[in-house]
Amino acid sequence: MFFPPPTSNPKMAAVSGSLMWFRKGLRLHDNPALEYAAKGSNYVYPVFVIDPHYMEPDPTASSPGSSRAGLNRIRFLLESLVDLDLSLKKRGSRLLVLKGEPSEVLIRCLKEWDVKKLCFEYDTDPYYQVLDSKVKHYAAAAEIEVFSPVSHTLFNPVDIIQKNGGRPPLSYQSFLELAGIPPWASSPLPTTPSLLPPVGNVGSCEIIGVPTVKELGFRDIEQEEMTPFRGGESEALNRLREAINDKEWVANFEKPKGDPSAFLKPATTVLSPYLKFGCLSSRYFYECLQDVYKNFRKHTHPPVSLVGQLLWRDFFYTVASGTPNFDHMKGNRIAKQIPWNDDDQLLAAWREARTGYPWIDAIMVQLHKWGWIHHLARHCVACFLTRGDLFVHWEKGRDVFERLLIDSDWAINNGNWLWLSCSSFFYQYHRIYSPTSFGKKYDPEGNYVRHFLPILKDIPKEYIYEPWKAPLSIQTKAKCIIGRDYPQPIVSHDSASKECKRKLAEAYALNQKLNGQVRDEDLKNLRRKFEQEEDQLSNRRKQKQKLE
DNA sequence: TCAAAGTTGCAGAG
DNA sequence: CTCTGCAACTTTGA
């Protein structure tokens, strides 16, 4: 019997190419798809497709960017691509950027190039599920091998759902029990390649360099309007190193104790945008944290610890991937059916930082300028928009966050809006964040508000969270007249929050009575009832005014 | 059936 | 900074 060594086999020596499709996972470290693409290939095509779905400028949008992404996130992505291209070039490769509908572009490339393997990171987002099935379908017909590993999350959501008998766990604790220790933790993660096969002949495919925001048709924004966070794997690894350098801080990290008003040095790692785009591997981050914990007799634990934060991410990925219509109230079996109002004026005031509550408005300004706000700040504004004060539909707020956050993540963003609106996971709707006292307890001087709302910078600290209570003499001295230079509060928190609680109690009762079978009509009836009650209330107020 | 638990509420007291 | 009282939701598990 004679088996020639593989290299002397003429068939094996034949030219073989791979296509590495980057979407998220914009990194070289811990990248199993890239590792597999490079293995045994004479050449590799590293591709990124600029997708008009996310990147087409929309001049009608409420702030610069596309209809689905604010300019901050688009810029963050482009910076990540530049960094990736640079890292590839250092290893004898380069990034091939193409434009168009991704599945069409990919299929064109597969037709044009001699490719035996197609490699890309598995993605649970519905948008990518649809894209990927189109591409996989073509690849199967063309007899191209597809390799699509799970490397964006610590766990494969499918495994956890299967362990739980086909349904995703709905509480964090049950998720932890099902998840256990990640399956990859016992063996080393893929190493960062030191050299990559060269790029093959690109034929007639139209390859561009990584575009600038201007080249994509966006108008450039002022430096001071921009996020202070730069995209890319290099930046992610620097930031990670910086965070885990302070070992005491890592070991004692407790998420709810963080200060949402800290902006010179944020109270968290701000690694979320890097995890979102996969500039940082969540598995590598997890390993680094375990390394730190090893040297401490005592350290914090999930849900509040840093590892706990990574597990929250996986929790939401798991629930989201196993819940049809996760991003909608209707048709979503885990979402309470609540007759939210559809008030675009209230929504716009919230979005454009015109609520008249400085704490809320400052957070919304930071969201616009930085594309990042502290987790508790997200809680405050989300609660205010939905169950706390304005009773606006959580889907509306979700859309604003999804567009403006540089770390916006489909599963996590929707999960948190379900949470904060008391539609799922969390139901204690009488626990409402105060739009005045919550910020005050972290930042009694109001430095955060003064920084993001400079119009209020000379209001004394006694009134900085409630400027409408300041006597006119003080408003004049501070060169900020409430009602002229800064709005009056759009609602009175005291009465608005009481109303919200009452409405939620009724909506919950309806959900319970109909046992999850709330129809459109039932919701409509309840909404009409709320509207009638509001009319009566305002009529009574008018009569009272008349009498006075 | 009932108690216990749930990542992070508020106001007020000490 | 920690504690209570407030008012009071659902899910889970015995």
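Lettering of chains follows the sequences in order, A, B, ..., and the numbering in each one begins at 1.
For the pair A/Asp389 CG and B/dC10 C1', the computed distance is 14 Å after rounding to whole Å. Taking atom NE2 on A/His375 and atom P on B/dT7, their separation rounds to 11 Å, with Å as the unit. One interatomic measurement links the two molecules: NE2 of A/His379 to C1' of B/dT7, which rounds to 8 Å at whole-angstrom precision. Across the protein-nucleic acid pair, A/His493 atom NE2 and B/dA11 atom C1' stand 12 Å apart, rounded to whole Å. In this entry the distance linking CH2 of A/Trp419 with P of B/dG6 reads 11 Å, nearest Å. Rounded to whole Å, the distance from CG on A/Asn515 to P on C/dT11 is 10 Å. A/Phe315 has its CZ atom 12 Å from the C1' atom of C/dT11, to the nearest Å. Distance A/Lys255 NZ to B/dG6 P: 18 Å, rounded to the nearest Å.
The side chain to side chain donor-acceptor pair (under 3.5 Å) pairs that include a residue from residues 157-166 of chain A number zero, where partners must be two or more places apart or lie in different chains.
Taking a pair as Watson-Crick or G-U wobble with both distances under 3.5 Å, the runs of three or more consecutive pairs in DNA chain C are B:1-6 with C:9-14, B:9-14 with C:1-6.
In this structure, the side chain of A/Arg378 does not engage the main chain of A/Trp417 through any donor-acceptor pair within 3.5 Å. A donor-acceptor pair under 3.5 Å links the side-chain atoms of A/Gln475 to the main chain of A/Ile482, judged by distance alone.
Taking the six-membered ring where the residue is Trp, A/Phe263 and A/Phe452 present perpendicular rings, their angle passing 60° and hence far from 30°. Taking the six-membered ring where the residue is Trp, A/Tyr508 and A/Tyr427 present perpendicular rings, their angle passing 60° and hence far from 30°.
Remark: A/Lys247 fails to qualify as a cation-pi partner of A/Phe296 under the 6.0 Å distance and 45° angle criteria applied to the six-membered ring.
For the pair A/Gln512 and A/Lys257, both in contact range of DNA chain C, the more 5′-proximal nearest nucleotide belongs to A/Lys257.
B/dG6 and C/dA8 are spaced 13 Å apart, taking the C1' atom of each and rounding to whole Å.
Residue-level contact check: A/Gln173 touches the backbone only, with heavy atoms under 4.0 Å from sugar-phosphate atoms and none from bases.
Judged purely by distance below 3.5 Å, without hydrogens or angles, the side chains of A/Asp409 and A/Tyr317 pair a donor atom with an acceptor atom.
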- request: Under the salt bridge (Lys or Arg N to Asp or Glu O under 4.0 Å) rule, what do A/Glu121 and A/Arg27 come out as? Steps first, then yes or no, please.
  value: CA-CA 11 Å; A/Glu121 183 175 64; A/Arg27 63 172 183 267; 3.7 Å; yes

message: Could you walk me through whether A/Asp125 and A/Arg23 satisfy the salt bridge (Lys or Arg N to Asp or Glu O under 4.0 Å) test, starting with their C-alpha distance in whole Å, then the side-chain angles of each, then the deciding distance to 0.1 Å, before giving a yes or no?
response: CA-CA 12 Å; A/Asp125 289 5; A/Arg23 306 96 66 81; over 6 Å; no

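Remark: A/Tyr427, A/Gln428, A/Tyr429, A/His430 in residues 423-447 of chain A come within less than 4.0 Å of DNA chain C through at least one heavy atom.
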